[in-house]
Colleague: 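The following block contains the structure, expressed as structure tokens.
Here is the naming used below: chain letters follow the sequence lines, and residue numbers restart at 1 for every chain.
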Number of protein chains: 2
Amino acid sequence: MHHDAATLDAPAAVEASPKRRQMLDAARGLFLAQGYGAVSMDAVARTAGVSKATLYAHFASKAALFGMLMAEGCSQMLPPEENLFPAEVADLRPALEALGGRTLRFMLREDWLAIYRIAMAESVRFPELAHSFHANGPVRTLARTRDWIAQQQAAGKVRADAEPEVAAQHLMGLLRSTLFLRATLGLPPAAEGADIDRAVAGAVDTWLRAFAADPDR
Amino acid sequence: MHHDAATLDAPAAVEASPKRRQMLDAARGLFLAQGYGAVSMDAVARTAGVSKATLYAHFASKAALFGMLMAEGCSQMLPPEENLFPAEVADLRPALEALGGRTLRFMLREDWLAIYRIAMAESVRFPELAHSFHANGPVRTLARTRDWIAQQQAAGKVRADAEPEVAAQHLMGLLRSTLFLRATLGLPPAAEGADIDRAVAGAVDTWLRAFAADPDR
DNA sequence: GTCTATAGGCCGATAGAC
DNA sequence: GTCTATCGGCCTATAGAC
């Protein structure tokens, strides 16, 4: 197995060849659903409706195809920002619940879980994939959250002696504490909206007790 | 692929055939290091120093061998208890740091991570494995911790209006918040003793701020 | 660029001798 | 029980016609 998967961080200029998109789409679906090893190039070609030779004309190897896909996927592993990090808030709780809800829901999405599963499982064969996923997903989410917490700290909303980095990590940890492990293992039943809301509210509650400058109770 | 992996929770009466142990040991090492799909029965036989025919004489299929191994592994996914749950403590902090340190160190062990990786990656092909791992590992650890927290709550050490279940989940979440994600992805550098101690101290600090009955600061 | 057809190898699993 | 030898199949990857 030679790793000509190239750099995993460059989405690359994918021109608009329809067959190429068919192949990439088919491959992504199969890889995410079944993992790297369980997917054959035959299956990719069949699903995409092309011949294997065409597949190999576009992608030098199975590893290269996989690497290119994961690069695309990893660059989209951030939840939409929108108004998730408001500079000024009257109360920290609703802002944290919005941020936490969006973040946890994003991490419980099947495509996020699928990439996480594959990045973990293939971290030996494709260390670049694990690194790229981590750097493009969790690390960036954490950095944004840390900066926002520091901002709120400067505004007097967060305990002055807290470290924003730790506070951000603990917020993520609390959000992941209940439903995440089950979800990664694919255990039924899948979390529903009410479960997620409850988990987020609990995490925010604990976080505020530990990090809010002014305990509001 | 037929799943005659049988029940994953019964370690089964493995008699003391030396060759059988060689095969099981070889298979466990290979599966944990490389995952289910990447390991061939040829490799298992070669590593164990037996022929493939002998391997198949003992295990009906690759799936059966894998299932038997994971059943053994999953039944050992609890950290040693020792004096981790003392009924009466003067101060909650050192008890939590001992419990948290032992728990986090256990979850960062390469064999625990390897089983977690495989349970995740193969949760589609082997749903029983994911269930067994979860039930024998995280669920039991959480239950013990929850009961101990309830005990401490009754002793007046923990906030009276806290739910022990949530408090236990949040403790685990806080412990996993920093080093765990990196470790699951196999990202260097591996966590060292000092890193772990710092993570545990931070987690316990946040937990105590949120759940201690008597904030001692 | 895309196809059909196939090379060449490794895999899981088995037959049969001892 | 354990071995050697091998089967049939699927895999990645390629050759050659169009």
Colleague: Would you kindly give the CZ-to-P distance between B:Phe59 and D:dT2, to the nearest whole Å?
Modeller: 11 Å
Colleague: Nearest to the B:Ala57 side chain among C:dG12, C:dT2, D:dT2, which nucleotide is it?
Modeller: D:dT2
Colleague: If you only use heavy atoms from C-beta on, which nucleotide in D:dT2, C:dC11, C:dC3 is closest to the side chain of B:Thr54?
Modeller: D:dT2
Colleague: Under 4.0 Å, heavy atom to any atom of DNA chain D: which of residues 26-35 of chain A qualify?
Modeller: none
Colleague: To the nearest angstrom, how far is B:Leu55 atom CG from D:dG1 atom P?
Modeller: 15 Å
Colleague: Classify the nucleic acid contact of B:Ser51 as base, sugar-phosphate or nothing, counting any heavy atom under 4.0 Å across all strands shown.
Modeller: base
Colleague: Could you check which of C:dA13, D:dT12, C:dC3 has an atom nearest any side-chain atom of A:Ser40?
Modeller: D:dT12
Colleague: I want to verify a distance call: between D:dA13, C:dT14, D:dT2, whose nearest atom is closest to the B:Ala53 side chain?
Modeller: C:dT14
Colleague: Starting at CG of B:Asp42 and ending at C1' of D:dA5, how long is that distance when rounded to a whole Å?
Modeller: 13 Å
Colleague: Excluding sequence neighbours, so at least two apart, what forms side chain to side chain contact (heavy atoms under 4.5 Å, CB included) with B:Val89?
Modeller: B:Pro86, B:Leu92, B:Ala95, B:Gln152
Colleague: Is the NZ or CZ atom of B:Lys62 positioned over B:Tyr56's six-membered ring, under 6.0 angstrom from the centre and within 45° of the axis?
Modeller: no
Colleague: Nearest whole angstrom, please: distance from the C1' of D:dG1 to the CZ of B:Arg20.
Modeller: 13 Å
Colleague: Whole Å only: how far is the NZ atom of B:Lys62 from the P atom of C:dA13?
Modeller: 9 Å
Colleague: What's the closest nucleotide to the A:Tyr56 side chain, out of D:dC3, D:dT12, C:dA13?
Modeller: D:dT12
Colleague: With a 4.0 Å cut-off on heavy atoms, is B:Lys52 in touch with a base, just the backbone sugar-phosphate, or nothing at all?
Modeller: base
Colleague: When we call it a touch if two heavy atoms are under 4.0 Å apart, what does B:Val44 touch: a base, just sugar-phosphate, or nothing?
Modeller: nothing
Colleague: With sequence neighbours excluded, what pairs up with B:Glu165 under the salt bridge (charged side-chain N to carboxylate O under 4.0 Å, His left out) test?
Modeller: B:Arg146
Colleague: Let me check something: any side-chain donor-acceptor pairs from residues 180-187 of chain B under 3.5 Å, sequence neighbours excluded? List them with distances.
Modeller:
{"residue": "B:Arg182", "atom": "NH2", "partner": "B:Pro188", "partner atom": "O", "Å": "2.6"}
{"residue": "B:Thr184", "atom": "OG1", "partner": "A:Tyr116", "partner atom": "OH", "Å": "2.9"}
{"residue": "B:Thr184", "atom": "OG1", "partner": "B:Leu181", "partner atom": "O", "Å": "2.7"}

Colleague: Side-chain atoms of residues 190-199 of chain B: list all donor-acceptor pairs with protein atoms under 3.5 Å, sequence neighbours left out, distances to 0.1 Å.
Modeller:
{"residue": "B:Asp195", "atom": "OD2", "partner": "B:Glu192", "partner atom": "N", "Å": "3.0"}
{"residue": "B:Asp197", "atom": "OD1", "partner": "B:Arg105", "partner atom": "NH1", "Å": "3.4"}
{"residue": "B:Asp197", "atom": "OD1", "partner": "B:Arg105", "partner atom": "NH2", "Å": "3.0"}

Colleague: In whole angstroms, how far is the P atom of C:dC11 from the CG atom of B:Leu65?
Modeller: 15 Å
Colleague: Is it the case that the side chain of B:Gln153 and the backbone of B:Ala162 share a donor-acceptor pair, with hydrogens and angles ignored and the cut-off at 3.5 Å?
Modeller: yes
Colleague: In whole angstrom, give the distance that lies between atom NE2 of A:His58 and atom P of D:dA13.
Modeller: 17 Å
Colleague: Could you check how far CE of A:Met41 sits from P of D:dT14, rounded to whole Å?
Modeller: 10 Å
Colleague: According to salt bridge (charged side-chain N to carboxylate O under 4.0 Å, His left out), who are the partners of A:Glu163, at least two apart in sequence or on a separate chain?
Modeller: none
